[in-house]
Amino acid sequence: MKKGDHLFLVDGSGFIFRAFHALPPLTRKSDGLPVGAVSGFCNMLWKLLIDARDTSVGVTPTHFAVIFDYSARTFRKEIYDAYKANRQAPPEELVPQFGLIREATRAFNLPCIETEGFEADDIIATYARQAEAAGADVTIVSSDKDLMQLVTSMVHMYDSMKDKQIGIPDVVEKWGVPPEKMIDLQAMVGDSVDNVPGIPGIGPKTAAQLLEEFGDLDQLLARAGEIKQVKRRENIVANADLARLSRRLVSLRTDVPLDLDLGALVLEPQDGPKLIAFLKAMEFTTLTRRVATACDCNADEIEPAALKIEWGEAARGPDLDAGAPAPADTGEAAAEAPANPPKTPVARGTGAATPAELAGSRIEAFGRSSLDVSRYVTIRDVEVLDDWIRAARETGLVGFDTETNSLDPMQAELVGFSLAIADNTENPSGLDVRAAYVPLIHKTGVGDLLGGGMAENQIPTREALARLKPLLEDPSVLKVAQNLKFDYLVMKRHGITVESYDDTMLMSYVLEAGKASHGMDSLSERWLNHKPIAFKDVAGSGKAGVTFDYVGIDKATAYAAEDADVTLRLWMVLKPQLAAAGLTTVYERLERPLVSVLALMEERGITIDRQILSRLSGELAQKAAAFEDEIYQLAGERFTIGSPKQLGDILFGKMGLPGGAKTKTGQWSTSASVLEDLAATGHELPRKIVDWRQLTKLKSTYTDALPGYVHPETRRVHTSYSLASTTTGRLSSSEPNLQNIPVRTAEGRKIRTAFISTPGHKLVSADYSQIELRVLAHVADIPQLRQAFSDGIDIHAMTASEMFGVPVEGMPGEVRRRAKAINFGIIYGISAFGLANQLGIERSEASDYIKKYFERFPGIRDYMESTKNFARENGYVETIFGRRAHYPEIKSSNPSVRAFNERASINAPIQGSAADIIRRAMVRMEPALGNAGLSARMLLQVHDELIFEVEDEEIERTLPVIISTMEHAAMPAISMKVPLRVDARAASNWDEAH
DNA sequence: ACGTACACCTA
DNA sequence: GTAGGTGTACGTC
């Protein structure tokens, strides 16, 4: 084992315990063998392997072992006879499962490890320390506090049930002491379950406080006389020996003799048939199906394994006859991860051996297939609708699309919906798709003044939705949509929360960000060789355009059913490509879960105070008008100040001022920087233009426009986030864009005061400090940067000090400003031209700075070079989580196009990794708040900042949850080499909270 | 009515 | 120097 390797150590006994208690006790195989714990264990292990496997970078385990307790008789029992004496015998139905679980582990092709006389924890400790010494990272899959003493910067724990990483800060947060003091803390506190005595009257809080004061247990025992509280002092003095004994009991041994050395723990590929044979023997149908899909095996052709453990009639528990026994599959389903679509019927029967082959054959097959428009049907009564829904349930897969009368999902009314089903019983390659449209509120007539009544023979919306709801909310049926967030919101507003879904737009985004667009029409042309009917061909456009409820039902069916059909076909083409490219984890962890999170945020919206905006607008109008008068005076005529062309004529023509830069159309530029330069040479007019522009910009874009976005019913502003419109993985916000609300100038900041909390609440703003520079320090592994961030030093001052040899103390502001510009320049893929522009210095001087910078930080130059080379070789770059950003023009023969692509590909891993981190934080935020019993509502995201609305009384408890979730968001996939820092504040408006 | 250029707001 | 979105002017259809 070596540096860069990653060892996963699964606490098998802990897994069994949790699996047993998480599942209904009566889960049995058809012959009565209880298998609930086995089922839970297999599901948890499978999920862990899948979650960890698919990414090409980061957390991928290279070594893996599942560790079990051997027997109750351990060395601790020798030390202390009462150890674990309280422990009851395992429940009767668990006994036969221990052996099965070991068999299961071997069926997964994983080392199954136990050593006589030692507990699983000791084996884990031994392996963890050995791996750490070899320079490898370790993840201990357990949430047991007894293992927390092992946590270091290299060794983390991972609670797979809660998907929660436990690192040093989490231990400190939970117990009040760092991991290395956990032994002393446990020794003092004791453990009633394991019968570790501890010191009476000392709990975790007191123990942490005493350790803080005295350093460690030995010091405490030696100086116990100093403790003021009489009772506490007496307890400690009287029980000093018990505390020392307890310490021996809770200290994990790191010298357990091991049969297998680290090298033998190398993670082997799954043996599909072997695993399936075991799972079939256990009658775990859902997991069997899922594994078969992942391995592309045909489970029907595999014989169930012969089990070593049989369960005879005589051994049946009496409870089995008492009530109806639950089928084995029911218990298994209860342990499934909620968002995991269990059925992928069309994935089988193709004979493809690898994901890449499957992807290739799908592309080929679907590129040739044609859509059978004649089979599209209009559903006009519930009986037929029920038939379709039943078919969807049987297939476990359905294409879904909504039709509405507005592009704004917060305003849209549901006009109809369509379903597409893959009929794979006749055609195993899954090409046979049938689709239907269900019109709900189509009108007759053209919607003019005469109105036009409701068209006939439509299912009442209420009735149709009552039928549809169980399907959309059924976790065992996978719903496939294009840009699902829209449909998700529309359905949510109709009381339906879609569960188990895939989004073809997001799949395309993960596969091809930067290379191609992800709209349905272009996806269809690209992958299906089919041009779908254009919306404007059914609904018209412009003045002649109508909303979809005024489209005739026949035309609507052709359009809408086709959308569902195309979506389902796209899914079949794109899904295997994710696996083939190793991008499933990116899609499942960074994209798909954000659909519901963002939908929720958009639905919540944020309150704006229109009075404040209206007052500001008036002030801005007055000030702008005053400038206009002065501008006309100075220009000697009236003109359209907002027209760069007219302004250029005045400045550079009539007034004869020297022109600076040119725009790309050859006009003289009138940009702020040009005008600033002119102002500096003593001209009055340019300065006034700049000021006028600022005022009118604020007025038109913000104070005048924002009130128009207030929702008539909610009275709040609901932005729309786009998940798939940037190359790097950032979100974007529009209608209105709430990611560019002014903050830089005092005048602009006033607009932020109009974003307010509802009564009894505050807005909380939490933002990452310097996240992109921290990511840079991590990916380029720059010692000085890592050190500075670890020490909490001003990073720009440090840079300046390194470069110019100026001490940080008393550094002139200008020196720091230059270093700051350079740091930003680095992130943007620095060029001498750009840096010179930014700093207002000569290109040659900027060039010298860059040279100097690279001398001081050679690792940055290396990073940039290797990133560019990677981009040239692969056509894309990757974030630390494996997200790809494509730059197909990086080899352009045009030097400026090429240089631009090089800078962008240097920037993308940095910007994109930061974007991935906050995405992970957002995905975890809702459950984190929920688990903490907090009602805080996440409202907005602004790239490195999250804004929440929090009840006044909950603010104090909420801030640490938000901060911790954000700071630990990279883990466990990535252990950052620099800490992430988050600042958070609460106030009644966004300006003060920020 | 729609598209492009320019300018300018954010991280 | 990176990544976005929007308003205005002004061109084309």
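Throughout, protein chains are lettered first and strands after them, A, B, ... in sequence-line order, and every chain is numbered starting at 1.
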Using a heavy-atom cut-off of 4.0 Å across all strands, would you classify [X] as base, sugar-phosphate, or nothing?
X	result
Ser541(A)	nothing
Glu945(A)	nothing
Phe833(A)	sugar-phosphate
Ile741(A)	sugar-phosphate
Arg730(A)	base
Ala914(A)	nothing
Lys645(A)	nothing
Gly825(A)	base
Leu835(A)	base
Ala705(A)	sugar-phosphate
Gln838(A)	base
Ala846(A)	nothing
Thr727(A)	sugar-phosphate

ask   = Thr703(A) versus Glu619(A): any side-chain heavy-atom pair under 4.5 Å?
value =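 When only atoms from C-beta onward are counted, Glu619(A) and Thr703(A) do not touch, as no gap falls below 4.5 Å.
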query = Got Tyr509(A) and Arg883(A) here, is their nearest side-chain heavy-atom distance under 4.5 Å?
reply =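 Yes. Closest side-chain heavy atoms under 4.5 Å.
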Is any side-chain nitrogen or oxygen of [X] closer than 4.0 Å to OP1 or OP2 of [N]?
X	N	value
Ser732(A)	dA3(C)	no
Ser725(A)	dG4(C)	no
Thr701(A)	dG7(C)	no
Gln646(A)	dC10(C)	yes

Between [options], spot the one nearest the side chain of [X], thanks.
X	options	answer
Phe900(A)	dC6(B), dG4(C), dT2(C)	dT2(C)
Ala904(A)	dT2(C), dC6(B), dT10(B)	dT2(C)
Asn907(A)	dT2(C), dG1(C), dG4(C)	dT2(C)
Gln911(A)	dA3(C), dG5(C), dG1(C)	dA3(C)

query = On a plain distance test, is the side chain of Lys697(A) in donor-acceptor contact with the base of dC8(B) below 3.5 Å?
reply =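 Under the 3.5 Å cut-off, the side chain and the base do form a donor-acceptor pair.
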query = Looking at dT10(B), does its base get a donor-acceptor pair with the side chain of Gln739(A) below 3.5 Å?
reply =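 No pair found.
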task = Indicate whether any N or O donor in one side chain lies under 3.5 Å from an N or O acceptor in the other, for Ser720(A) and Ser734(A).
result =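 No, no side-chain donor-acceptor pair sits under 3.5 Å.
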query = Are Glu814(A) and Arg817(A) within salt-bridge range, i.e. N to O under 4.0 Å?
reply =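 Arg817(A) and Glu814(A): salt-bridged.
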request  = Quickly work out the Asp944(A) CG to dG4(C) C1' distance and round it to whole Å.
outcome  =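 That distance rounds to 14 Å.
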request  = Specify whether Phe652(A) and Trp668(A) have parallel, tilted or perpendicular ring planes, treating 30° as the upper limit for parallel and 60° as the lower limit for perpendicular.
outcome  =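 Ring orientation of Phe652(A) relative to Trp668(A): tilted.
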inquiry  = Please check this pair: side chain of Asn874(A) against backbone of Tyr876(A), looking for a donor-acceptor N/O pair closer than 3.5 Å.
reply    =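 No; judged by distance alone, with no hydrogens or angles, the pair does not exist.
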